[in-house]
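This report concerns only the one structure given below.
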Amino acid sequence: MGIQSNTSLDHLVTPCYLIDENELNNNVLNLKNALNKYWNNFIIGYSVKTNSLPWLLDYFQKNNIFAEIVSDDEYELAQAIGYEKNRLIYNGVLKSKETFIEAIENGSKVNIDTQRELHWLQELSQLNKKKYEVGLRVNFDLEIYCPDESLMGGEGGRFGFCYENGELKYAIDFINSLKNVNLTGLHFHCSTKTRSLNIFRAISIVACEIKRRYSLNLSYIDVGGGFFGGLKEKPQFNDYIKVISDELSKEFNCNDVTLIVEPGTAIVSSPFSFITSVIDVKSTTANNFATIDGSNFNINPLGKKTKFFFNVKYRDKLNRQKIIKKQIVSGYTCMEDDRLIVLEDYPKLSNGDQIIFEKIGAYTMCFTPLFIKYFPSVYVVKDKSIRLVKEKWSAKELLVNEISNITGCYK
Ligand SMILES: Cc1ncc(COP(=O)(O)O)c(C=O)c1O
């Protein structure tokens, strides 16, 4: 997969994001095939926060994929894209009361994560005799099953109701005490350092245990996201879903219980590239620098990545015989440490050469639009044809909703 090497990117106005639609199709197809093979009763809920580009949400909606949302703003966005409310999975601690109630009343899968939601639910159930269904997010000690794999280690996860200290049991009893509400699902998303198969084995084992211990009659198990995807040397969707299915089938029947997965990174990371151009080269006594029109903030806003997949495209390859021992490719911002990659023993860069950063679609665009340069354009490539799907932002977009008395003359 990947963008065909003979596809010309020369005419793109950089910096810009480029989505490889074939790669995206491939990721979605691989996930669907794995689910069809091992648990043929499933819902895929795309984790909107991972990359909320409207083109992408529209793509997922057309591919029969639900939207997994975690705020009233994402709730509104999903509907603006055209999602029916019964194709939403509503998670997280930030639901507004109004959207929480509306979602439950309209058949969204709502996974309760906080005490206040339990009280909103109680109020709703007392208002009328309609039947309601909800899910609960489970907090369990993942470190017992997968030492040193969970993100917070011994500090523990902060989401959901704790299984081990009885808070989950309290929440289950609370919901069961409401006559017209059924607890129909458990939600288990875990943030991990490893994205390993063991994580999903542990989640599935605990799901079975909770169901058994509290005699629950569930219609879905939501294992969350946290998978690898689009990387050959890492576990594949088939591996993950097989592990989940092997464990879940000890307690659940595939015909009665829907498996929900909430991929973000696994689907959208690999199809995205960020294309930049060299705008200046200089030498100091210490180093050779090439400055590009992109920044670390565009592709590594959380500063967690230590290396990138990248590709260098020289404008005129023939004249680049001179090999330079070390060139630091740095971003356009004013931050000294905005340095992206070090090229060792590469031909000398010059203005107009492109540096293309690959597999950068997850937790990048949603964090970066407002520092010095605004949101870059987004293109989609399919086979060999490229089209613009989002214009770059300018000062105009930044002024939207401004209510102060601006006297400038922007039209
Ligand atoms: C509840 C929930 N579901 C799904 C995801 C997506 O996770 P990932 O991008 O690791 O697949 C997240 C990410 O934090 C999440 O919090």
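In this chain, residues are counted from 1 in sequence order. Counting starts at 1 for both ligands and their atoms, in listed order.
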[X]: numbered ligand 1 atoms lying under 4.0 Å from its heavy atoms:
X: Glu68; value: 1 (C), 2 (C), 3 (N), 4 (C)
X: Glu262; value: 1 (C), 2 (C), 3 (N), 4 (C), 5 (C), 6 (C)
X: Thr265; value: 8 (P), 9 (O), 10 (O), 11 (O)
X: Gly226; value: 7 (O), 8 (P), 10 (O), 11 (O)
X: Tyr363; value: 6 (C), 7 (O), 8 (P), 9 (O), 13 (C), 14 (O)

Glu117-Thr114 side chain donor-acceptor pair, cut-off 3.5 Å: yes
Ring centers of Tyr75, Tyr90 separated by less than 6.0 Å: yes
Shortest reach to atom 16 (O) of ligand 1 by a heavy atom, considering only His187, Arg195, His189: His189
Identity of the nearest option to atom 6 (C) of ligand 1, non-hydrogen atoms only, from Cys190, Gly45, Ser47: Ser47
Looking at Phe66, I'd like to know if the NZ or CZ of Lys109 sits under 6.0 Å from its six-membered ring centre while staying within 45 degrees of the ring's axis. no
the protein heavy atom lying closest to atom 15 (C) of ligand 1 turns out to be Lys49 NZ, 3.2 Å
Quick one: side-chain contact (heavy atoms from CB on, under 4.5 Å) partners of Gln236, sequence neighbours excluded? Asp239
Does anything in residues 94-130 form a ring pair (Phe, Tyr, Trp, His ring centres under 6.0 Å)? List the pairs, not counting sequence neighbours. Phe100-Trp120, His119-Phe174
Considering both backbone and side-chain atoms of Ala266, is one of its nitrogen or oxygen atoms within less than 3.5 Å of a nitrogen or oxygen in ligand 1? no
Partner of Tyr220 under side chain to side chain donor-acceptor pair (under 3.5 Å), picked from Thr184, Asn41, Asn111, is Asn111
Would you please determine whether Phe159 falls within less than 4.0 Å of ligand 1 on a heavy-atom basis? no
For the student: nearest non-hydrogen atoms of Glu84 and Leu88, plus distance: O-CG, 3.8 Å
